[in-house]
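The block underneath contains the structure these notes are about, expressed in structure tokens.
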Amino acid sequence: MKDTVLDILADLTGSEEVKQDLDINLFDNGLLDSMGTVQMLLELDNQCDIQVPVSEFERSEWDTPNKIIAKVEAMK
């Protein structure tokens with residue numbers, strides 16, 4: 001699951017840095033924005049069968065690769 005999430009993030013951000021620094025803040029570093037967030041949620045749904053309604057998305061809970069991996073694993 002971890003590798004899938006990291007691959008999704010690398011594809012969306014265009015940066016391999018997300019695979020090397022799992023605590024990088026994706027929003028503060030300009031790697032992910034609101035459109036990228038929607039794309040990420042769609043990809044998580046498609047590849048991991050994880051459904052997160054945008055209305056329930058808390059940016060502070062999804063702002064690093066480690067947090068995203070933990071959320072996805074908790075939802076499986």
Side-chain angles (χ1 to χ4, degrees):
M1 191 61 60
K2 177 180 176 179
D3 290 335
T4 302
V5 171
L6 292 176
D7 287 341
I8 290 169
L9 290 174
D11 287 343
L12 287 175
T13 63
S15 173
E16 290 293 313
E17 188 174 3
V18 298
K19 292 182 175 184
Q20 298 159 1
D21 182 0
L22 300 185
D23 291 313
I24 190 171
N25 189 301
L26 301 169
F27 298 102
D28 290 350
N29 287 286
L31 295 171
L32 206 58
D33 58 13
S34 57
M35 182 59 95
T37 299
V38 172
Q39 290 173 317
M40 176 186 70
L41 294 177
L42 289 172
E43 284 302 313
L44 289 174
D45 185 13
N46 289 338
Q47 294 186 39
C48 304
D49 199 29
I50 299 292
Q51 289 140 9
V52 181
V54 176
S55 59
E56 294 179 20
F57 180 85
E58 289 292 331
R59 187 170 160 168
S60 63
E61 297 176 3
W62 295 79
D63 58 0
T64 70
N66 268 333
K67 288 181 183 179
I68 294 168
I69 292 164
K71 282 286 211 182
V72 169
E73 288 177 347
M75 297 175 88
K76 276 310 253 179

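In this chain, residues are counted from 1 in sequence order. Side-chain atoms are counted along with the backbone in the values below, which use heavy atoms only and exclude waters and symmetry mates.
Annotation: the span from Thr64 atom OG1 to Leu26 atom CG amounts to 7.0 Å, rounded to 0.5 Å. Here the CD-CG distance, from Glu16 to Asp11, works out to 8.5 Å after rounding to the nearest 0.5 Å. Taken to the nearest 0.5 Å, the CG atom of Leu32 stands 4.0 Å off from the OG1 atom of Thr37. Annotation: the span from Met40 atom CE to Asp33 atom CG amounts to 11.0 Å, rounded to 0.5 Å. Atom OG of Ser34 is separated from atom CZ of Arg59 by 8.5 Å, given to the nearest 0.5 angstrom. Rounding to the nearest 0.5 Å places CG of Leu22 at 11.0 Å from CD of Glu17.
No chain of hydrophobic side-chain contacts below 4.5 Å, direct or via other Ile, Leu, Val, Met, Phe, Trp or Tyr residues, connects Val38 to Trp62. Linking Ile, Leu, Val, Met, Phe, Trp and Tyr whenever their side-chain heavy atoms come within less than 4.5 Å leaves Leu42 and Val5 in two separate clusters.
Counting heavy atoms from C-beta on, the side chains of Met1 and Ile50 never come closer than 4.5 Å. Counting only heavy atoms from C-beta outward, the side chains of Pro65 and Ile24 approach each other to under 4.5 Å.
Partners of Gln39 according to the side-chain hydrogen bond (donor to acceptor under 3.5 Å, both in side chains) rule, which considers only residues two or more places apart in sequence or in another chain, do not exist here. Residues meeting the side-chain hydrogen bond (donor to acceptor under 3.5 Å, both in side chains) test with Asn66, sequence neighbours left out: Asp23. Every residue two or more places apart in sequence or in another chain was checked for a ring-ring contact (aromatic ring centres under 6.0 Å, His included) with Phe27, and none qualifies.
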From CA spacing to verdict: side chain to side chain contact (heavy atoms under 4.5 Å, CB included), Ile8, Leu44
CA-CA 8 Å; Ile8 290 169; Leu44 289 174; 3.9 Å; yes
Step-by-step side chain to side chain contact (heavy atoms under 4.5 Å, CB included) determination, Leu6 to Ile69:
CA-CA 8 Å; Leu6 292 176; Ile69 292 164; 4.1 Å; yes
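Between the side chain of Lys19 and the backbone N or O of Leu9, no donor-acceptor pair lies under 3.5 Å. Side-chain atoms of Asn29 come within 3.5 Å of backbone atoms of Asn25 as a donor-acceptor pair (strictly under, hydrogens ignored).
Taking every heavy atom of both residues into account, Met75 and Gln51 meet most closely at CE-O, 3.6 Å.
Open room surrounds NZ on Lys2; 12 or fewer heavy atoms of other groups in view lie less than 6.0 Å from it.
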